[in-house]
A.B. asks: 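One structure follows; several queries about it will come next.
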Protein chains: 2
Amino acid sequence: MGNSRVTVREIARLAGVSVATVSRVSNGTGQVSEEMRRRVLDAIEKYGYRPDHLGRALAARRHGALGLVFPGLSGPYFTELIQGFESEAVPARASVHILCTHLREDSDDQVLEMARRVDGVAVVGGTISDPALLRLAEMVPVVVLAGRGPETVPSVSVDNAPAMARLTRHLLVDHGLRDLAFVGNPDGSPDVSERWAGFRDAYRELDLDPPAEPVRVAMQQPDGVLAAERLLTGGAAPQAVVCANDEIALGVLVGALGRGLRVPEDLVITGFDDAPMAALVAPPLTTVRQPIRDLAAEAARSILTAVDAPGAAAPDSIVLPTEFVVRRSCGCPAESPTGGTGK
Amino acid sequence: MGNSRVTVREIARLAGVSVATVSRVSNGTGQVSEEMRRRVLDAIEKYGYRPDHLGRALAARRHGALGLVFPGLSGPYFTELIQGFESEAVPARASVHILCTHLREDSDDQVLEMARRVDGVAVVGGTISDPALLRLAEMVPVVVLAGRGPETVPSVSVDNAPAMARLTRHLLVDHGLRDLAFVGNPDGSPDVSERWAGFRDAYRELDLDPPAEPVRVAMQQPDGVLAAERLLTGGAAPQAVVCANDEIALGVLVGALGRGLRVPEDLVITGFDDAPMAALVAPPLTTVRQPIRDLAAEAARSILTAVDAPGAAAPDSIVLPTEFVVRRSCGCPAESPTGGTGK
DNA sequence: TTGAAAGCGATACCAA
DNA sequence: TTGGTATCGCTTTCAA
């Protein structure tokens, strides 16, 4: 593990200058004569000097790192999330720490521990408790990603409820369906909770009684298969299955097709997210497009800003728009009109 | 951002002791009298002191962080990978830095930059160049995850080639199939390259001519759909599609089913990984089970060990076994014998 | 057992 | 323009 052993002091000695000068040259700050600069640059080059991150961070009292906390789910959603976050962090020369709280007990503590190693944190909605969020917020800038925290903590999310209400209304009104099942666990995340609320809102707006309970499963394809099992076995299959995300919907689709049902003729299925597969399955999925990358990028940007402006007030929470995407799985004809916006 | 402002020195002053004593108490090192300890503990408690990570890291010349570098693909594979890695890192009090090199140009540089911020790095095979890997290895302990690097860099991988040969032989011999297509890009990752090699080996062992070219696509479900399009449109559809992973296989399955083909009657499809969905689709997927979490955990462990023993020789590369999982999609009857091991 | 002081590696202020 | 030096927050000899 050779080279990185060389420090400013060594370079200073080797180049016959002071450490201050080396620092100036290596950072491009201050005024340095051409001759000094050459001498220093040569030494730096020759001995392969690269400033140590820790020394620099300690002096600057800044880690140059951002934290991203999520439950640990899989799927295209989190990939997009991570990449969107990185797309802002990397150019800002901030490294990204991740923490999958998964099902761990001590996740609150771990998040707090992470806060000591980064300049700011984005927490995916529903992963840690509100008290922990509050304590976190008094240590570093925090933003809740896809969800909302306590009043004082800014958040970045999408218009889940109206979007889901819009989709549900389409099924209720345009297709005249009445018996819809909602699949997803509202207690699992704010996103799902809001979508479930929007789903029920659509019923109420039409003076209809919404289902009392959702089919509570997690957010991945296998969970959709599981939901299909529960819903399609035995007597009362619904007319349509409204899923909390596309992955569940894909699972339900697989389950339905596997049982010999025709979609959408025998069963309507809808998703949420507009994941890449949504347009590729047969039939293509009617869903709601959600700007996941933008969401995460916005979160990163928001934190970065807060880090740079320590005094400033917490940024406002922002809500990004979604887009209703009508395809075949809801029963619309292939050449359906392209849907309106989420509102 | 209140409390974290309190330092050892403050606590020392407040408790009327030296900073050395505070440090000893807060780390539980050295001998401290009961009275001192109480005084210090009280002050720590009262002012909410928590040692600063940077100060501590600088003094210890250790970051307390591990890096994980991957291409940025999605899907269950990487989720498992991250979680397996974390499962070892977190208990060791090491935070996890991630870097998705994705399609970025400067990924070699970014990995090198990451190396300055962590104590060791795991690099998923195929994400950065060998020269970069070598330079990385002289800065920090490195292990290649799912693949192999230059001779001197240890790696953790599975027996891809034999496993894929085993599966292919099953198709060739037990099912008497001859016209198989391989889907996946051997240039994309060592894993795929080895699987492609194993696929061809199986043919040669039987004195058969293997296909000259694979169907080159990426590793996600949509890529499988794409492959199905290429393979099943026009004249010469193969008898079987051997996929580089389950996600591709799922995509191919969706594509095949969408075209009205029956699987496995009209088309045999196999996967690799044994992802959760593999057992849940209809028909369930014949595949190769791969211990992804173990793989990543092993990598983390290996790095952690190397970090603790700076002098020691690089650990050996290790190869984990896989398991052949026979299900319906290869044409075996539902109650098929459970397959043997990968060897 | 306790404390003073010397680092760890880099930045930045203040003089010169 | 340059250099000396204090500082960032903590750990760890080395004496007392």
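Within every chain, numbering begins at 1; the chains are lettered A, B, ... in the order of the sequence lines, protein sequences first and strands thereafter. Bear in mind the structure is a predicted one, so any value in this text is a computation, not a measurement.
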A.B. asks: My understanding is that only one of Arg39(A), Arg37(A), Arg38(A) makes a salt bridge (charged side-chain N to carboxylate O under 4.0 Å, His left out) with Glu35(A); could you say which?
C.D. replies: Arg39(A)
A.B. asks: Would you say Glu10(B) and Tyr49(B) make side-chain contact, with heavy atoms under 4.5 Å?
C.D. replies: no
A.B. asks: Counting N and O atoms only, with roles assigned by atom type, does the side chain of His63(A) sit under 3.5 Å from a partner on the main chain of Arg116(A), one being a donor and the other an acceptor?
C.D. replies: yes
A.B. asks: Of Glu34(B) and Leu58(B), whose nearest nucleotide on DNA chain C comes first from the 5' end?
C.D. replies: Glu34(B)
A.B. asks: dG9(D) P sits how many Å from Asn27(B) CG, rounded?
C.D. replies: 17 Å
A.B. asks: Quick check: do Tyr47(A) and Leu14(A) have side-chain heavy atoms less than 4.5 Å from each other?
C.D. replies: yes
A.B. asks: Strictly below 4.0 Å, N to O, side chains only: are Asp308(B) and Arg62(B) in salt-bridge contact?
C.D. replies: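 Salt bridge present between Asp308(B) and Arg62(B).
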A.B. asks: At under 4.0 Å between heavy atoms, what does Ser33(B) touch on the DNA or RNA strands: base, sugar-phosphate, or nothing?
C.D. replies: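 Ser33(B): backbone/sugar contact only, no base atoms under 4.0 Å.
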A.B. asks: 5'-most contact on DNA chain D: Gln31(A) or His53(B), nearest heavy atom basis?
C.D. replies: Gln31(A)
A.B. asks: Using a 4.0 Å cut-off to any heavy atom of chain B, which nucleotides of DNA chain C are the first and last in contact, reading 5' to 3'?
C.D. replies: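 In short, chain B contacts DNA chain C from dT1(C) to dG9(C).
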A.B. asks: Would you compute the distance between atom OG1 of Thr101(B) and atom CD1 of Ile128(B) and round it to the nearest 0.5 angstrom?
C.D. replies: 8.5 Å
A.B. asks: Measure CZ/Arg62(B) against P/dG9(D) and give the value in whole Å, please.
C.D. replies: 23 Å
A.B. asks: To the nearest 0.5 Å, how far apart are CG in Leu145(A) and OG in Ser155(A)?
C.D. replies: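 That separation rounds to 9.5 Å.
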A.B. asks: Give a yes or no on whether a salt bridge exists between Asp294(A) and Arg301(A), defined as a side-chain N under 4.0 angstrom from a carboxylate O.
C.D. replies: no
A.B. asks: Between atom CE of Met36(A) and atom CZ of Arg24(A), what is the distance when rounded to the nearest 0.5 Å?
C.D. replies: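 With rounding to 0.5 Å, CE (Met36(A)) is 11.0 Å from CZ (Arg24(A)).
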A.B. asks: Taking the side chain as every heavy atom from C-beta outward, state whether Leu66(A) and Val118(A) have any atom pair closer than 4.5 Å.
C.D. replies: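 No, too far: nothing below the 4.5 Å cut-off.
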A.B. asks: Kindly give the atom pairs (protein nitrogen or oxygen, nucleotide nitrogen or oxygen) under 3.5 Å for nucleotides 3-6 of chain D.
C.D. replies:
from: dG3(D); atom 1: OP2; to: Ser18(A); atom 2: N; distance (Å): 3.2
from: dG3(D); atom 1: OP2; to: Thr21(A); atom 2: OG1; distance (Å): 2.9
from: dG3(D); atom 1: N7; to: Arg24(A); atom 2: NH2; distance (Å): 3.3
from: dG3(D); atom 1: O6; to: Arg24(A); atom 2: NH2; distance (Å): 2.6

A.B. asks: Within this structure, what is the OH-to-C1' distance between Tyr49(B) and dG9(D), rounded to whole angstrom?
C.D. replies: 7 Å
A.B. asks: For Watson-Crick and G-U wobble pairs within 3.5 Å on both distances, what is DNA chain C written in dot-bracket notation, | included for inter-strand pairing?
C.D. replies: ||||||||||||||||
A.B. asks: Classify Val8(B) by what it touches in the nucleic acid, base, sugar-phosphate, or nothing, heavy-atom distance under 4.0 Å.
C.D. replies: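 Answer is base: heavy atoms of Val8(B) come under 4.0 Å of a base.
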A.B. asks: Checking the side chain of Arg117(B) only, and the main-chain atoms of Gly64(A) only, is there a donor and an acceptor separated by less than 3.5 Å?
C.D. replies: yes
